[in-house]
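Report on one structure; see the data block that follows.
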Amino acid sequence: MYNYLVGIYGDDDDLIQAVRKVKDAGLEIHDCLTPFPIHGLEKAMELKESRLHTAGFFYGATGTMFALFCMTWIQTYSWPLNVGGKPGFALLSFIPITFELTVLFAAVGMTVTYYLRNRLSIFRHDEVLDVRITDHKFAMVFDLDKYDSEEDLNRIKRVLQSTKVEEINLREMQHKVYSAEEQS
Amino acid sequence: MSHHYTSPIREPLVEGNKTYHDITDDIAKATEGSIKPLWLVALLVCATIGLWGILNILYTIWYGIGVWGLNKTVGWAWDITNFVWWIGIGHAGTLISAILLLFRQRWRTGVNRAAEAMTIFAVMCAAIYPGIHMGRIWLAFFIFPYPNSRGPLWVNFNSPLLWDVFAISTYFTVSLLFWYTGLLPDFATIRDRARGLRRKIYNVLAFGWTGTAKQWERFESLSLVLAGLATPLVLSVHTIVSFDFATSVIPGWHTTIFPPYFVAGAIFSGFAMVLTLMLITRKLLNLEEYITIGHIESMNKVITLTGSIVGVAYITELFIAWYSGVLYEQYAFENRIFGDYWWAYASMMTCNVISPQLFWVRKLRRSVAFTFFLSIVINIGMWFERFVIIVTSLHEDYVPSSWLYYSPTWVEVSIFVGTMGIFMTLFLLFARFFPVIAIAEVKSILKVGGDQYIAEYARQDKAEGRGWVDGSYGAAAAGMASPKSPKDADYDKH
Amino acid sequence: MQLESFTTPARVKSVGLGLLVIGLIMFVIGVLTNMDNPARIWTTLLATNHYFLLVGLAGLFFVASQTMGYNGWFVLIKRLCEAMAGYVKVGAILMIPILLFGMKYIYHWTDPHAAHDPILVGKAPYLNYGFFWLRSIIYLVGWSVFAFLIVRNSRDHDSHPGIKHYNSSLVLSAVFLLFFGVTSSTSAWDFLMSIDPHWYSTLYGWYTFISTFVASMAVVALMIIVLKSFGYLKHVTEEHLHDVGKFMFAFSVAWAYLWFSQHMLIWYANIPEETIYFRDRWENYPVLFFGTVVLNFVFPLLVLISRGAKRRIQIMFVACLVIIFGHWLDFYMMAMPGSMKAYSHTLGHDAAHHFVYPGLGLLEIGAFLTFCGLFTMVVFWELSKASLVPVNHPYIKESIIHHT
């Protein structure tokens, strides 16, 4: 059993303002859950910038090397074949496939990485903090196992009430909700 | 909030004063409730046509491609025409999602989801043709390079047909990943409105999406990079299709403009097909407030642009054929225009070059009925383009004694019609069980594209004394006194 | 928002003038040492002038296409592109003496011997003095007039708040794009492709256009960097620079795509009449010919691929210079080999056999620098004629709050 406090907001701009306020008050936000991507939220939450595109570059480069190496090896060493008088190492002819494999490796690599890093899988449980989060509500989550004293709880509530929070709910979950830190 | 702003002269992208919740309701609704009889009838009709196509494919495989009308000089005709036609249609989805993302065209959010789905289904239809043209489809795995016991005798990496294998499988894979990843949050939205087994199914489809900050942050990063990769990828696919012809020395095929010209043609036909389907879908699913007349107008402008590019390419080809001084090249074009297949050439020119120019008239490009009609005309025209390129260049080769006229058999026609049935069946299933509009993306543009917000920005701008606010969309929506001009007539309903 | 008037900083003026003077000195020395090879002089002039003319024109194309695309972000840099369009008339005027005096040295088809060449006889209905001049005048006058009309309309808007000028800009842009869509291809055939009069390629027109478009984006980025460093354009942020950088990157790739398509298809089909064009370049200009691919594709690909690089002024500055030079080199490579080959044949059989193809010398570099200086001076002079901020443009506020 895991315990969370969920502050529910009705607008994306309200959420960002609230995040700044809560951060200023020195509280640790477990995570924010929203129905769509909000520009500036990751900055307000001070999350680390995604390195996914860097990984993508290396996946792509692997594809480039793989394609060029294989075609060169096959056409010049494994079984050289003269078709239409084209040279074995015909770089101009290799470019289309090299390009395709670069894209394929980068795209597949990045997508697989994305699913793994975000723990997205078909076997994932369907317990959610609040069903309205994928609709029109914006949630700020606090981990009550960390803030377990009555005093902490009241402090969080006080800070949240100074923002445009609509509801403050206590939620007991069967499954752990990973924090933004743990997902990074 | 000050950081949201849109010029009030822009037309809204979401009409009807929608809230975030309204967007969810309007789009998710189509996937819920009992099945409508009209949909079921349509599905049965399409599936029957698709089945007829499959039977004819099986017939072809059983008896061999002798059951087609191919002859001594025309070694491929309807099969490759249909292949290129379907691949071309499969270009609009990625174009809308990727290139329009890079060019900051916000209107893409209304149509990208369905266009991407269409892409995937069209590529599936296209992939059928090279497969069945092989004759011995059970040996289709020979086209992949794998270490084998035949030498190893590898595939020929100098062949554009092999490049096609790589291009199309990559394109299919990447489009699928792009499309499916974009669907995750919307599946989660449907899941959270559902109960019981339905909830379980949509949770599996959503891969357990919850919408955490990190999920979204990486989601944005992934979408941008995939868009950046898909943009050259979509260009490469039709480029490589054009290489199938242009690397040869056949008059009419060997021309360097083919790569960009094929790409423009593919976008042209893809947009036409998106319009054909979306005009029906928006009507049946009541999505007029999300796919507005403004969306249709934007797509029609892309059609006019790409149609004109294709037109310039036709003229360029024609001129350079004369300018080259090569007799065979000159004859190939003379034969296209005045030869046995003059009717195909005339259809192509009328449908692709002349008809999209009608969209210069504002009234026509904002008319749903006319757009629907013209989208079909363009689909036909682009089919003829491929037919003209392929058959007219082949049917009269270098040896006049073997010149023949090619006509398709009923088997070829049935297979083509059948793939349309398969395509429509898949699209109908998609429209029933998947969110046809990207819910999360529409929500993310609501504050810059919603009509109530644009009216608000008009009030702000008016207060700051900006001259151009009068007569703008926002002014009309905000109910300010605005001078009426014929141009503003369509805004009156607000 | 308020009008932001601009006076060309003295340092920019002196850089422009310096380039012009130094370039001119080099060019004159080059001319004096190459009096025996007039084809080289005139072809250099033609390629360089046509390049800068088209770079200016591509600025106009950018304005027109962004207007038609209803893009908001570019409004703050619109005046920079319009200033580039102001160069079109200068380039057009310079084209006339170059063609008038240089035509017979540049274009082999003007040679009286062409009457005995069956291929050229076949092309004579198109490639003849009268029709060539008619087309040239249509291009040069047409482009200049459109540049004038579009820029005047935009500048008038500053003193006339309202929607009228914006609506006119849509109409003007659409008509210009139609005109440009046809003339950008046909002018490339006339001015450049007909230097190799036996050769033809359907892609040639679009290839030429993309080349100058990349360069014009580099010029815009360079102008942003320079103006920012003098304290102008305070609303223009790294977001705008990033967007221009994206165009530079994307169209460098697009250029490479067309370069590859044209080259590979001709190499692959292996028809002697077509491959001769590339053979001439492979054999006579191996370094310069493949150098254009390094400068215009490999370099921008590796340097500009990351998001950070497109926002770093120093990196962008270097990339811009490389691209502007690289695409000029591309134009040089389109024009010079054909002209030199024809020239070598006029020297008689033996001399043609031993002919040494000239590389980049004082003449070519001098011409490039001269035109760089001239272009800089004209564009900054045009820039000082109007406010840097088109205050009454309906998308101006969108451009100011623009963020990625």
Side-chain angles (χ1 to χ4, degrees), chain A residues 12-13 31-38 40-42 45 47 50 52-53 56 60 70-71 74-75 78-79 81 83-84 86 90 93-94 96-97 99-101 103-104 106-108 110-111 114-115 117-126 128-129 131-136 177-178 180 183-184, chain B residues 1 3-4 19-21 24 145 151-154 156-160 162-163 166-167 170 173-174 177-178 181 184-185 188-189 191-193 199-200 203-204 207-222 224-226 229-230 232-233 236 239-240 243 440-441 443-444 447:
Chain A
D12 36 337
D13 294 319
D31 202 353
C32 289
L33 280 71
T34 60
F36 58 84
I38 301 172
L41 181 64
E42 69 280 0
M45 287 174 69
L47 295 180
S50 167
L52 199 56
H53 47 265
C70 284
M71 284 189 284
I74 287 168
Q75 294 223 140
S78 173
W79 191 281
L81 198 64
V83 182
K86 296 274 175 285
S93 277
F94 292 172
I97 292 181
F99 171 78
E100 299 301 332
L101 287 191
V103 171
L104 185 69
V108 173
M110 279 180 71
T111 312
Y114 176 77
Y115 281 67
R117 296 292 286 126
N118 288 317
R119 296 188 172 84
L120 293 169
S121 97
I122 50 170
F123 304 111
R124 178 97 178 235
H125 63 84
D126 65 345
V128 293
L129 277 166
V131 290
R132 296 167 302 170
I133 290 171
T134 52
D135 181 0
H136 60 299
V177 173
Y178 291 98
Q183 295 175 56
S184 299
Chain B
M1 291 300 294
H3 63 273
H4 298 297
T19 61
Y20 292 138
H21 185 59
T24 310
L153 192 57
W154 299 92
N156 175 15
F157 289 101
N158 283 322
S159 165
L162 182 73
W163 306 345
F166 280 88
T170 302
T173 312
V174 176
L177 294 178
F178 195 36
T181 307
L184 294 180
T189 302
R191 170 197 68 198
D192 290 343
R193 294 160 60 90
R199 181 177 168 80
K200 296 266 180 244
N203 186 55
V204 170
F207 279 58
W209 175 274
T210 47
T212 67
K214 212 54 203 167
Q215 279 176 352
W216 279 122
E217 197 242 350
R218 290 200 187 106
F219 183 86
E220 294 271 275
S221 176
L222 181 70
L224 264 177
V225 180
L226 283 186
L229 286 171
L233 177 64
S236 81
T239 293
I240 292 175
F243 286 166
E441 280 196 64
K443 285 177 190 164
S444 69
K447 283 189 177 173

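Annotation: side chain of Trp209(B) is in contact with side chain of Phe219(B) (closest heavy-atom distance under 4.5 Å). Residues His136(A) and Thr19(B) form no side-chain contact, since every pair of their non-hydrogen atoms from C-beta on lies 4.5 Å or further apart. The shortest side-chain heavy-atom distance between Pro152(B) and Ser78(A) falls under the 4.5 Å cut-off. In this structure, the side chains of His21(B) and Asp135(A) come closer than 4.5 Å at one or more pairs of heavy atoms.
Of the listed residues (Lys200(B), Gln215(B), Arg193(B)), the one with the most heavy-atom contacts under 4.5 Å to chain A is Gln215(B). For the set Arg119(A), Arg132(A), His53(A), the count of heavy-atom pairs under 4.5 angstrom toward chain B peaks at His53(A). Most heavy-atom pairs under 4.5 Å with chain B: of the set Asp31(A), Ile74(A), Leu33(A), this distinction falls to Ile74(A). Of all the listed residues (Leu233(B), Ile240(B), Val174(B)), the one sharing the greatest number of non-hydrogen pairs under 4.5 Å with chain A is Leu233(B). The candidate from Leu224(B), Leu162(B), Asn156(B), Asn158(B) with the greatest count of non-hydrogen atom pairs under 4.5 Å with chain A is Asn158(B). By number of non-hydrogen pairs under 4.5 angstrom with chain A, the leading residue of Thr212(B), Leu177(B), Val204(B), Val225(B) is Thr212(B). Contact count against chain B (heavy-atom pairs under 4.5 Å) is highest for Ser121(A) among Ala107(A), Ser121(A), Cys32(A). Interface summary for chain A: among Pro232(B), Pro185(B), Pro145(B), the most heavy-atom pairs under 4.5 angstrom belong to Pro232(B).
If you measure heavy-atom distances from Glu42(A) to chain B, the contacts under 4.5 Å come from the side chain alone. For chain A, the nearby part of Leu226(B) is the side chain; its heavy atoms alone come within less than 4.5 Å. Residue Thr173(B) touches chain A through its side chain alone, counting heavy-atom pairs closer than 4.5 Å. Looking at Pro160(B), neither its backbone nor its side chain comes within 4.5 Å of chain A, counting heavy atoms on both sides. Contact of Asn203(B) with chain A is made through the side chain alone, with heavy-atom distances under 4.5 Å. Contacts between Phe123(A) and chain B at a heavy-atom distance below 4.5 Å are absent for every atom of the residue. When heavy atoms are compared at a cutoff of 4.5 Å, Leu184(B) approaches chain A solely by way of its side chain, counted from C-beta outward. Contacts between Glu220(B) and chain A at a heavy-atom distance below 4.5 Å involve the side chain alone, from C-beta outward. In this structure, chain B has a heavy atom under 4.5 Å from the side chain of Met45(A), while its backbone stays farther away. With a 4.5 Å cut-off on non-hydrogen atoms, Arg117(A) touches chain B through its backbone and its side chain both. Using a 4.5 Å cut-off between heavy atoms, Leu229(B) contacts chain A through both its backbone and its side chain.
At least one test fails for Arg124(A) against the ring of Phe207(B): distance under 6.0 Å to the centre or angle within 45° of the axis.
Under the 6.0 Å cut-off for aromatic ring centres, Phe36(A) and Tyr20(B) qualify, their centroids lying closer than that.
Of the N and O atoms on the side chains of Lys443(B) and Thr24(B), at least one donor lies less than 3.5 Å from an acceptor on the other residue.
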Could you go through the salt bridge (Lys or Arg N to Asp or Glu O under 4.0 Å) check for Asp126(A) and Arg191(B) one step at a time? CA-CA 9 Å; Asp126(A) 65 345; Arg191(B) 170 197 68 198; over 6 Å; no

Evaluate the side chain to side chain donor-acceptor pair (under 3.5 Å) criterion for residues Tyr115(A) and Thr181(B): first the C-alpha distance (whole Å), next the side-chain angles of each, then the deciding distance (0.1 Å), finally the verdict. CA-CA 9 Å; Tyr115(A) 281 67; Thr181(B) 307; 3.2 Å; yes

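Residues satisfying the side-chain contact (heavy atoms from CB on, under 4.5 Å) test with Val177(A), not counting sequence neighbours, are Tyr4(A), His30(A), Leu129(A), Met173(A). In this structure, the salt bridge (charged side-chain N to carboxylate O under 4.0 Å, His left out) partners of Asp12(A), at least two apart in sequence or on a different chain, are Lys447(B).
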